[in-house]
Amino acid sequence: MSRALINKYNIAGPRYTSYPTVPYWNQGTFSLEKWQNSLITSFKESNKNKGISLYIHLPFCESLCTFCGCNKRITKQHSVESPYIKAVLKEWQLYLQLFKEKPIIKEMHLGGGTPTFFSAENLEYLIKGILKGAALADNYEFSFEGHPNNTTREHLQILNDLGFRRVSFGVQDYNETVQKAIHRVQPFENVKRVTKWAREIGYTSVAHDIIFGLPFQELEHVKATILKTKELLPDRLAFYSYAHVPWVRGNGQRGFSDENLPTAELKRSQYELGKELLAEVGYHEIGMDHFALKTDALYKSMETGDLHRNFMGYTASKTQAMIGLGVSSISDSWYGFSQNVKGIEQYYQLLEKNVIPVYRGHILNNEDLIIRMHILNLMCGFKTEWHKDEHNFNELPEILIRLKEMEVDGLLNINSRSIEVTKKGQPFVRNICMAFDLLLQRKQPDTQLFSMTV
């Protein structure tokens, strides 16, 4: 990739885990009642088809990782576990009352924070409480995020007994200097141990998360991390760019300055080197910043055209309705988005009043739904088309004019009824999606909202 292209297209832009993106949600037309009605409609459609997805946010961590952009509460007091789990189960009961029929769960993911902050027994209590009021789809998939330093064999065994077959371990980087800078020191031996346990117990997909563009991270650090990763051969990898947004994430990301971060050119070199090393042992690039072996469901979903992207990133299958439980969780009915309150105390207070703890959201109009479809197509399959009238919209000619310069740069091909991103253009897919983002084009932000695209 040329330096000129990096300099030209390395601008602030969304990662497009949703459209509209959160800063462009229309609060003026949103209400809890509208959100609940959109979810009820989507739930009925989902239950007839493939079922729903659940995301459960477990926010507690014992220490602050300064690279992290997640909503978390730092504490060493494990007495917080039980009240929080009871609150999540209360929230789930409010949704069950809303649906009036037993939901079919196709996907469930535990994220954080640090899900393995919670004891294995408390996680068991949580999952059994969730499943008590639900049925399971035939091909359900349960997954969770584990910290290599505190995930025990008991965690892995109990969750596996409950149906979990996929686990993701946060690695980030194995270099000690980088680990100290991001306050996430974990030896390779810890990752090796939990990966081995997971496979012995019967997990069919073990994932590692690796980040490039971290403070003080050199090309050789990424190379060493990838070489160690190849020793363990996880089934899939998230190999993604560090998002430096201290104006959003607060004190954690203010622990180092922009001067401590790799340049855009070095970041891209880190990614390209990692990609090359991963390809040598059979990893295939999936969408943006993800890799999988041919035996993993993520690769198979790409081959069959079932790859989907939502607030949890790329998933191997799509459900129309995704319900987020816990503080800051985001839900998606396809027709609307909602986000829970971010403060734990406020979360508890609303649940005590039997109120679903949503504080903001967006109801999609017809234009939103069309643009969302095109952006999802680009993010998951690097192409989109408008052969059908319902896929067309008034601003399309203007967007194609906007994309013309990218075509000249070799990033995509524009056809009469479709566009397709080239191999050269895939690293710039976020930029291409931005051309379709009508809300962003109509009102450019006054301040920086997003991380850099390259």
List the steps, then state whether side chain to side chain contact (heavy atoms under 4.5 Å, CB included) holds for Phe436 with Phe393. CA-CA 11 Å; Phe436 278 84; Phe393 54 100; 4.2 Å; yes
List the steps and the verdict of side chain to side chain contact (heavy atoms under 4.5 Å, CB included) for Leu438 and Tyr19. CA-CA 10 Å; Leu438 295 182; Tyr19 182 84; 4.1 Å; yes
Quick one, Ser205 with Asp235, criterion side-chain hydrogen bond (donor to acceptor under 3.5 Å, both in side chains). Give me CA distance, side-chain angles, the key distance, then yes/no. CA-CA 5 Å; Ser205 181; Asp235 300 277; 4.8 Å; no
When you look at Asn190 and Val194, which way does the side chain to side chain contact (heavy atoms under 4.5 Å, CB included) test go after all the steps? CA-CA 6 Å; Asn190 290 5; Val194 292; over 6 Å; no
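In this structure, Tyr174 has its ring center under 6.0 Å from that of Phe188. Less than 6.0 angstrom separates the ring centroid of Phe60 from the ring centroid of Tyr84.
At most 12 heavy atoms of other shown residues, nucleotides or ligands fall within 6.0 angstrom of atom CD in Gln77. Within a 6.0 Å radius of NZ in Lys34, other residues, nucleotides and ligands contribute more than 12 heavy atoms. Within a 6.0 Å radius of CD in Glu200, more than 12 heavy atoms belonging to other residues, nucleotides or ligands are found. Around the CD atom of Glu33, the shell of radius 6.0 Å holds no more than 12 heavy atoms that belong to other residues, nucleotides or ligands.
Nearest heavy atom pair, residue His374 against residue His391, reads NE2-O, 2.8 Å. The two residues Lys106 and Lys318 make their nearest non-hydrogen contact at NZ-O, 4.2 Å. Here the closest heavy-atom approach between residue Leu89 and residue Leu126 is recorded as CD2-O, 3.6 Å. Listed here is the closest heavy atom pair of Phe337 and Leu364: CE1-CD1, 3.7 Å. When all heavy atoms are compared, the tightest approach of Ser46 to Gln320 is OG-CB, 3.4 Å. In plain terms, the two heavy atoms of Phe216 and Ala181 that are nearest each other are CD1-CB, 3.6 Å.
Remark: the Glu107 side chain and the Ser317 side chain contain an N/O donor-acceptor pair separated by less than 3.5 Å. Side-chain contact, Gln441 with Asp437: no donor N or O sits under 3.5 Å from an acceptor N or O. A side-chain donor-acceptor contact under 3.5 Å links Asp209 and Ser168. Asn340 and Glu91 share a side-chain donor-acceptor pair at under 3.5 Å. Judged by distance alone, the side chains of Gln179 and His221 never bring a donor and an acceptor atom under 3.5 Å apart. In summary, the side chains of Ser301 and His308 do not present any donor paired with an acceptor at a separation below 3.5 Å, with no hydrogens or angles considered. Counted by atom type alone, Thr66 and His183 present zero donor-acceptor pairs between their side chains at under 3.5 Å. Defined by atom type and a distance below 3.5 Å, a donor-acceptor pair is missing between the side-chain atoms of Ser42 and Ser333.
A donor-acceptor contact shorter than 3.5 Å links the side chain of Gln27 to the backbone of Gly361. Side chain of Gln217 to backbone of Gly213: a donor-acceptor contact under 3.5 angstrom is found. A donor-acceptor pair under 3.5 Å is formed between the side chain of Lys72 and the backbone N or O of Cys70. The backbone N or O of Phe117 lies less than 3.5 Å from a partner atom in the side chain of His78, making a donor-acceptor pair. A donor-acceptor pair under 3.5 Å links the side-chain atoms of Ser331 to the main chain of Gly324, judged by distance alone. Under a 3.5 Å cut-off, the side chain of Thr116 and the backbone N or O of His147 do form a donor-acceptor pair. Under the 3.5 Å distance criterion, the side-chain polar atoms of Arg372 are matched with a main-chain donor or acceptor of Trp334. Proximity of a side-chain donor or acceptor of Gln157 to a complementary backbone N or O of Ile201 within less than 3.5 Å is not detected. Panel note: side chain Asp368, backbone Asn365; a donor-acceptor pair is recorded below 3.5 Å. Distance alone, capped at 3.5 Å, places no donor-acceptor pair between the His155 side chain and the Arg153 backbone.
For the pair Met288 and Met379, the minimum side-chain heavy-atom distance is below 4.5 Å. A 4.5 Å side-chain heavy-atom check between Phe142 and Leu131 finds at least one atom pair inside the cut-off.
Note on ring orientation: taking the six-membered ring where Trp is involved, the planes of Phe99 and Trp92 are perpendicular (angle over 60°, cut-offs 30° and 60°). Between Tyr9 and Phe428, the ring planes are tilted. Angles from 30° to 60° get that label. Between Phe164 and Phe144, the ring-plane angle classifies as perpendicular under the 30° and 60° cut-offs.
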Could you go through residues 353-360 and list every donor-acceptor pair under 3.5 Å that involves a side-chain atom there, pairing it with any protein atom two or more places apart or in another chain?
residue	atom	partner	partner atom	Å
Asn354	OD1	Lys90	NZ	2.9
Arg360	NE	Gln339	OE1	2.8
Arg360	NH2	Gln339	OE1	2.7

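Distance CZ/Phe212 to CD/Glu272: 9.0 Å, rounded to 0.5 Å.
Glu176 and Lys180 are joined by a salt bridge, as a carboxylate oxygen and a charged side-chain nitrogen come within less than 4.0 angstrom of each other.
Taking the ring centre of Tyr314 as origin, the terminal cationic atom of Arg309 falls inside the region bounded by 6.0 Å and 45° from the ring axis.
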